[in-house]
Amino acid sequence: MKTVSDWQDYKIIATSEGMKLERWKDVVLLRPDPQVIWKGEDLSSRRGIHAVYNRSEKGGGGWQIRKDFPPEWTVSYRDLKFKVKPMGFKHTGLFPEQAVNWNAMREMIEGAKRDVKVLNLFAYTGGASVACAKSGAFVTHVDAAKGMVERAGENARLSGIASGIRYIVDDCAKFVAREIRRGSKYDAVIMDPPSYGRGPNGETWKIEDNIFPFVSECAKLLSDKPLFFLINSYTTGLQPEVIKNILKLNLKGFGGEVEAYEVGIPTEEGINLPCGCSGMWKGKN
């Protein structure tokens, strides 16, 4: 597992009974987490909680507000800034554990000593896009949700990035197919594919069926000297070694090396909370 421990504006305070208690700068949230299967304290009884996400027996759920706090606010990680807020399906608009990948990608981009073009697919609110652009890469940010793409633009501006990111609202598979036809090339690809999704025309995405051929298509967009290819997954049961195999099989013609790992966050209890997994192929600079 790779963990990041230098967050100042984010901390996991405690975990118990399927929940995690977090501090996002000055706001304390209590959210469900499927990895927290251990028993212990009823965290909902703690003082100082601003909001709790309660699951519904019918699916989904909602936020219960306990103390007043801003509808949205800004958190910082190193020289990056992001806007967060309680959103649907228990989300806040940011995955802090991904900082471990932001750091690795920024190091490779800055060490390349050349112009780097990055394609970020299923890019959400742009954590990786902002990180890569901050280190000088030109990023194409693609997501099918217009609101998430707009939030990515806000995060970029908060981080002092006025240019260097191209924002695309589109189905990722369709965009990749068009880019292949155009002969476009990228030095790096990032993707955070969903477990399941449905397109505007009824297209379905199942990660176990679609991830391998999609990575194969994306490999056609890599330049002659690609820098990295990162796959993130929050799909339960998809092991890091599976992601590693997908990358090795699809990118074997490029040489390089592949590593796969869990990502996590240390908690104030002295344990590491698993938060999904990643696989990264690294080329020769």
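A donor-acceptor pair shorter than 3.5 Å can be found between the side chains of Tyr234 and Glu97. Side-chain contact check for Tyr261 and Asn101: at least one donor-acceptor pair (N or O, by modelled atom type) lies under 3.5 Å. Side-chain N/O atoms of Ser129 and Asn120 include a donor and acceptor closer than 3.5 Å. Using modelled atom types and a 3.5 Å distance limit, the side chains of Gln8 and Ser76 yield no donor-acceptor pair.
Grouping the Ile, Leu, Val, Met, Phe, Trp and Tyr side chains by contacts below 4.5 angstrom, directly or via other members, places Tyr196 apart from Met148. Hydrophobic clustering of Ile, Leu, Val, Met, Phe, Trp and Tyr side chains at less than 4.5 Å, counting indirect connections, keeps Ile190 apart from Val258.
Applying the side chain to side chain donor-acceptor pair (under 3.5 Å) test to Lys20 and every residue at least two apart in sequence or in another chain returns Asp33. With sequence neighbours left out, Ser135 forms a side chain to side chain donor-acceptor pair (under 3.5 Å) with Arg106, Glu110.
When atom types are taken as modelled, the side chain of Asn54 and the backbone of Gly62 share no donor-acceptor pair closer than 3.5 angstrom. A donor-acceptor contact shorter than 3.5 Å links the side chain of Asn155 to the backbone of Lys83. In this structure a side-chain-to-backbone donor-acceptor pair under 3.5 Å is present from Asp171 to Ala173. One N or O on the side chain of Ser159 and one on the backbone of Lys81 form a donor-acceptor pair closer than 3.5 Å. No donor-acceptor pair closer than 3.5 Å links the side chain of Lys39 to the backbone N or O of Ser16.
Partner of Leu21 under the side-chain contact (heavy atoms from CB on, under 4.5 Å) criterion, out of Val28, Leu29, Ile12, Thr267: Val28 alone.
Taking a cutoff of 4.0 Å between a charged side-chain nitrogen and a carboxylate oxygen, Glu259 and Lys2 qualify as a salt bridge. Ion pairing between Glu179 and Lys117 fails under the 4.0 Å rule for side-chain N and carboxylate O. Between Glu154 and Arg157 no salt bridge is recorded (no basic side-chain N to carboxylate O distance below 4.0 Å). Looking at Glu22 and Arg31, a side-chain N of the basic residue comes within less than 4.0 Å of a carboxylate O on the acidic one, giving a salt bridge. Salt-bridge check for Asp9 with Arg23: failed, with every basic side-chain N at 4.0 Å or more from each acidic carboxylate O. Taking a cutoff of 4.0 Å between a charged side-chain nitrogen and a carboxylate oxygen, Arg151 and Glu72 qualify as a salt bridge.
Side-chain contact check for Val149 versus His141: some heavy-atom pair is nearer than 4.5 Å. Looking only at side-chain heavy atoms (C-beta outward), Thr125 and Val130 stay at 4.5 Å or farther from each other. Side chains of Phe138 and Asp115 form no contact here, defined as non-hydrogen atoms less than 4.5 Å apart. Annotation: side chain of Thr15 is in contact with side chain of Trp38 (closest heavy-atom distance under 4.5 Å).
Listed by first and then second residue, the ring pair (Phe, Tyr, Trp, His ring centres under 6.0 Å) pairs that reach into residues 40-69 are His50-Phe69, Tyr53-Trp63, Phe69-Trp73, sequence neighbours excluded.
Ring to ring, Tyr77 and Trp7 are close: their centroids are under 6.0 angstrom apart. Taking the six-membered ring wherever Trp is involved, the centroid distance between the rings of Trp205 and Phe122 falls below 6.0 Å.
Relative orientation of the Phe82 and Trp102 rings is tilted, given thresholds of 30° and 60° on the angle between their planes.
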